[in-house]
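Contents: one structure, followed by commentary.
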Amino acid sequence: MTPLLAAAQHEPSPPWIMALFGLGMLLTYVGVAHEKFHKTVAALVGAGLLTLLGVTLGVFQYTDIYEFLKKDLNIFGVIIGTGILVDVTGRSGLFHFLSMLIVRATGGRAKLLFFSICGLTFAFVAVLTIVPATLIICSLVMVICKSLNYSPKPFLLAVAICANSGAIVTFASGLPNIMIGTAAEIPYVQFLYISAPYAVFSLLLALGVLRLAFRRDLPWKQTDDEKRALQARMNEFDPWALVDNRWVLIRSGAILGATIVGFTLAQLMGLGMDFIAMSGGTAALFFAGKSVEDTIAKVNWTVILFFMGLFLIIGCVESTGALEWIAGQVVELSGQKSVALIALMTAFAAVASAIVDNIPVAATMIPVVQNISGLGLPVEPLWWSLVLGCNLGGNGTPIGSISCVIALYTLKKEAGVDVGWGEFIRLGGTVLLLQIATSIVYLEALHLLDWLPKL
Amino acid sequence: MEPTQREVDRDLDTSMKMFERVQLGEVAPIAPRAPRQVLLALDGSTQDATSIEITVTLVNRYPCQVSILAACAGAESVAEAARARLSGSAIVAAVGPEDPFDPILEAAAKHESDLVIAPCPFGRDFEMIGPDSAGTVVDVLLARLNRPILVVREPHEIAQPAFHHIALRSIGENEAAQAAAVWAVTLAAAGGSLELVLVFEEEMRENLSMLLKSLDLNIETSDDNLIAALRKAHIRLHRALQKSAEQFDFDYTLTVEHPPESAPFPDRSFSALSLVVVALERSDHMSQGYARDCVLHRRQPVLVVPRN
């Protein structure tokens with residue numbers, strides 16, 4: 001238990017202060033969700049006001065805010081290190097090259113191409129995180145579909161949905177995972193044998209729904225002549241032309257691979273994920289040559305400042321004891337039964353993430369789960385509920401996940417095809433319902449069989 | 001955390017252009033073309049030693065006929081020394097009273113030289129003239145000579161071996177780029193490296209923006225867009241050089257230089273680069289200016305490959 005948490009549990013503030021801080025957090029989240037405000041500015045303004053309020057009302061000392069931030073410093077290391085690594089690897093053309101190589105190998109046949117795009121999306125998101133992976137695959141889809149005369153709509157909707165399955169594969173596949181994994185101290189390898197198998201299952205589930213939904217939108221069966229013509233057109237694409245230097249490509253792949261291996265061995269070596277991420281980033285910078293400054297400038301400072309604001313807000317609210325109170329209410333609602341709590345947490349995280357950004361959802365739910373741990377219930381399944389719910393929830397609405405936003409935007413901008421909320425919810429919502437139902441069953445089964453490792 | 005719409009537009013556009021430009025069909029590697037006749041012009045300056053070393057390396061690689069021209073008074077002894085080092089070579093003409101560029105142009109035409117090797121500044125050491133002038137002789141040769149000229153600019157020793165690290169530089173769209181690439185592949189050493197440098201100048205963007213604006217064409221002329229266009233224009237050359245590198249066992253890199261190096265001398269250490277090959281499209285003033293600039297501001301030997 002953190003000293004802060006302990007303090008909060010011992011000295012809860014009066015209810016009106018809890019309500020005031022809760023309202024402040026809620027208003028900040030409204031600001032974060034509102035188009036008129038910049039997310040980072042909203043988070044920083046909220047953090048500033050709650051800090052002032054906390055110090056003025058004597059809820060905490062000013063120096064306590066360093067404690068709020070200290071416990072999450074490693075997240076900044078992971079974000080900076082992986083950001084640098086992804087940028088340098090991206091510059092080498094590795095992912096563009098690999099994606100074109102694989103797509104070319106399909107010979108342009110609709111069925112193979114569709115499932116390859118889905119698989120590529122899943123794998124790239126797992127390694128690269130959701131934004132860069134989605135951008136690469138969406139652009140590839142547009143170029144290939146234009147060349148082969150396919151409708152890009154089934155492909156881009158599939159990218160939007162499959163990306164969210166890829167986001168639960170590893171610790172570093174997305175920001176919610178990094179936040180939850182860091183807070184719960186989940187080793188990287190645990191992601192590989194707890195969430196990765198379900199990620200594959202959720203992908204297969206999504207593929208089944210997508211195949212059914214698009215049964216009339218793609219030529220799933222093609223004649224030999226059609227296949228030959230498609231192959232000839234695909235042969236015009238030369239993936240090697242995407243590579244500026246072969247050794248830079250190999251080196252980038254090697255550094256990325258070594259970093260992933262480092263993540264899996266971090267716990268054994270007694271090192272943190274932030275150290276491994278920063279080492280990978282530093283190795284990438286070492287070979288970046290003239291582009292070092294450009295690469296450092298590409299680090300997502302917006303995200304880092306946003307997190308700083310968010311962590312301060314959470315710390316302020318947590319210090320009033322409000323999150324502990326919420327945790328108690330959640331436990332009460334579940335009848336103090338883990339089985340119900342897992343279902344409740346997974347469903348809530350998914351629904352909330354379908355409506356608002358999954359990062360504030362994860363940030364808010366993390367201290368709630370931490371507080372539940374003090375109430376005598378096992379929290380391991382709840383951490384995984386958050387991981388699965390926060391990521392898969394994105395499939396629920398067109399704005400639920402950045403992969404959906406990018407894919408639908410690309411479809412509208414490049415092909416002039418508008419996908420309405422109703423149409424998307426029919427598809428994504430169906431996938432989400434199936435995925436959330438099965439993920440609850442999966443986590444309940446692991447919990448009841450006692451197969452979830454203790455944290 | 002979502003990227004802004006502007007960031008998505010930019011990244012999507014860049015990525016799509018990358019994929020679009022590789023739809024290029026079959027591309028054959030560039031084959032080396034061995035020179036048969038080389039004209040070595042000597043002037044008795046300190047640059048001569050470097051010129052001779054380069055010629056020796058070239059002849060060892062591609063046995064060819066070397067014609068040695070003592071183009072300045074006092075260069076005869078150096079010419080004799082060069083003939084002694086280059087078996088099968090011949091001293092082709094004595095120095096006349098006319099301007100030194102005339103005998104070089106005449107000898108190159110008479111012997112149908114595939115390559116002319118000449119010092120710069122001609123007849124003088126670098127210290128006498130400084131880095132701001134290539135001298136009249138080289139200026140005239142660059143303007144009139146219809147064949148590649150390898151200008152030995154500085155009295156420094158060349159990096160060893162002579163053609164180990166080559167930079168092939170081309171500014172904008174350049175019709176001489178293919179011919180320059182043939183020379184670069186011809187000279188690239190096995191185990192060495194070749195870098196294709198596509199140079200993009202701010203002035204290019206400004207001129208194009210102004211023209212499009214005056215034509216009321218609403219086309220975005222951002223640096224990213226123009227660099228993507230530059231890459232697209234050279235994609236077949238890039239792939240051909242990549243295949244040549246694989247076939248002839250040298251390392252190959254494509255770089256877009258933006259902004260161009262502006263230092264009086266290159267920022268790359270001398271030992272890292274042994275030859276600069278520059279494509280010169282004579283009908284293009286920007287290309288002319290850039291080729292001359294390369295000769296002036298590079299301490300490495302510069303091979304200028306022209307196309308009228």
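The chains referred to below are lettered A, B, ... by the order of the sequence lines, with proteins before strands, and numbering in each begins at 1. Just so you know, these numbers come straight off a predicted model, no measurement behind them.
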Chain A contact via B:Arg21 - side chain, backbone, both or neither, heavy atoms under 4.5 Å: neither
Between B:Leu196, B:Leu254, B:Thr4, B:Asp11, the one whose heavy-atom pairs under 4.5 Å with chain A are most numerous: B:Leu254
Option among A:Ile117, A:Val125, A:Ile406 that satisfies the side chain to side chain contact (heavy atoms under 4.5 Å, CB included) test with A:Ile137: A:Ile117
Segment of A:Trp247 engaging chain B (4.5 angstrom heavy-atom cut-off): side chain
Per-residue contact mode, A:Ser99 against chain B (heavy atom under 4.5 angstrom): side chain
Contacting region of B:Ile235 [heavy-atom separation from chain A under 4.5 Å]: side chain
B:Asp251 portion near chain A, given a 4.5 angstrom heavy-atom threshold: side chain
Partner chain A: residue of B:Arg231, B:Gln23, B:Gln5, B:Gln242 with the largest heavy-atom pair count (under 4.5 Å): B:Gln23
Short side-chain donor-acceptor distance under 3.5 Å, A:Asn395 and A:Asn164: yes
Lys/Arg N to Asp/Glu carboxylate O, B:Asp13 vs B:Lys17, below 4.0 Å: yes
Derivation and outcome, salt bridge (Lys or Arg N to Asp or Glu O under 4.0 Å), residues B:Lys243 and B:Glu26: CA-CA 11 Å; B:Lys243 285 187 172 179; B:Glu26 192 57 39; 3.1 Å; yes
Over 12 foreign heavy atoms within 6.0 Å of NZ, A:Lys413: yes
Structural part of B:Glu246 lying under 4.5 Å from a heavy atom of chain A: side chain
Centroid separation B:His164 to B:Phe250 less than 6.0 Å: no
Most contacts with chain B, counted as non-hydrogen pairs under 4.5 angstrom, among A:Glu414, A:His96, A:Met234, A:Lys146: A:His96
Exercise: do A:Gln231 and A:Arg228 side chains pair donor with acceptor under 3.5 Å: no
Largest heavy-atom contact set with chain B, pairs under 4.5 Å, which of A:Val32, A:Ile130, A:Val143: A:Val143
